**Student:** 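After the structure tokens below, expect a handful of questions from me.
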Amino acid sequence: MAIRYNLWLDPDNSATHRAVEADLERYFVERFADYPHIRLFGADPYDYDAPFNRLYDALMARALDYCERQWRYVPTPAQLNQAFFRAVGRSNKFLRDPQDGDPHRSDSR
């Protein structure tokens with residue numbers, strides 16, 4: 001299998017890598033605007049049919065295609081994943097259950 005990821009092929013081109021990653025984050029935030037509010041995880045965060053998990057899969061595929069068309073760049077899965085979750089953190093489209101099991105939240109018990 002040939003290496004296709006630009007980050008691996010040209011690791012010293014950090015300006016391009018940062019620009020693509022920033023654009024991916026912006027891309028995801030813009031895509032989130034197309035959806036109503038989405039509840040993050042529920043009782044089972046591993047429910048692959050949950051709306052958040054289906055959205056993740058669909059947007060990963062669309063973002064990969066976008067990068068290849070727009071930038072002629074193939075991001076690594078880690079670059080896609082990090083940009084996606086940074087965008088989730090910035091977006092106001094995601095709702096969390098009050099009892100989602102996160103011990104770092106002040107309202108969890």
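Being a predicted model, the structure only gives us computed values, none of them experimental. Position 1 is the first residue of the sequence, and the numbers go up from there.
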**Student:** Counting C-beta onward and ignoring hydrogens, is there a side-chain heavy-atom pair between Val88 and Phe32 closer than 4.5 Å?
**Tutor:** yes

**Student:** Would you compute the distance between atom CG of Asp23 and atom OH of Tyr27 and round it to the nearest 0.5 angstrom?
**Tutor:** 10.0 Å

**Student:** Decide whether Met60 and Val29 are clustered together by the hydrophobic rule: side chain heavy atoms of Ile, Leu, Val, Met, Phe, Trp, Tyr closer than 4.5 Å, transitively.
**Tutor:** no

**Student:** Please report the shortest heavy-atom distance between Leu59 and Phe28, naming the atom on each side.
**Tutor:** O-CE2, 3.6 Å

**Student:** State which residues pass ring-ring contact (aromatic ring centres under 6.0 Å, His included) with Tyr73; sequence neighbours excluded, sorted by chain then number.
**Tutor:** His17

**Student:** Can you sort out the partners of Arg86 under side-chain contact (heavy atoms from CB on, under 4.5 Å), two or more places apart, ordered by chain and number?
**Tutor:** Glu21, Glu25, Gln82, Ala83

**Student:** Which value, rounded to the nearest 0.5 Å, describes the distance between Arg31 atom CZ and Tyr66 atom OH?
**Tutor:** 8.0 Å

**Student:** Verify the neighbour count for atom CZ of Arg26: are there more than 12 heavy atoms of other residues, nucleotides or ligands below 6.0 Å?
**Tutor:** yes

**Student:** Mind checking what makes side-chain hydrogen bond (donor to acceptor under 3.5 Å, both in side chains) contact with Asn6, not counting sequence neighbours?
**Tutor:** none

**Student:** What residues form a side-chain contact (heavy atoms from CB on, under 4.5 Å) with Leu64, not counting sequence neighbours?
**Tutor:** Glu68, Val74, Pro75, Leu80

**Student:** What residues, two or more places apart in sequence or in another chain, satisfy salt bridge (charged side-chain N to carboxylate O under 4.0 Å, His left out) together with Asp65?
**Tutor:** Arg69

**Student:** Please lay out, stage by stage, how Asn81 and Tyr56 fare under the test side-chain contact (heavy atoms from CB on, under 4.5 Å).
**Tutor:** CA-CA 9 Å; Asn81 193 56; Tyr56 174 86; 2.7 Å; yes

**Student:** Please report the interatomic distance CH2(Trp71) to CG(Leu24), rounded to the nearest 0.5 Å.
**Tutor:** 9.0 Å

**Student:** Sequence neighbours left out, what passes side-chain hydrogen bond (donor to acceptor under 3.5 Å, both in side chains) with Asn13? Give chain and number order.
**Tutor:** Asp10, Thr16

**Student:** Test side-chain contact (heavy atoms from CB on, under 4.5 Å) on Val20 and Gln79; report intermediate values, then the result.
**Tutor:** CA-CA 9 Å; Val20 169; Gln79 286 175 295; 5.5 Å; no

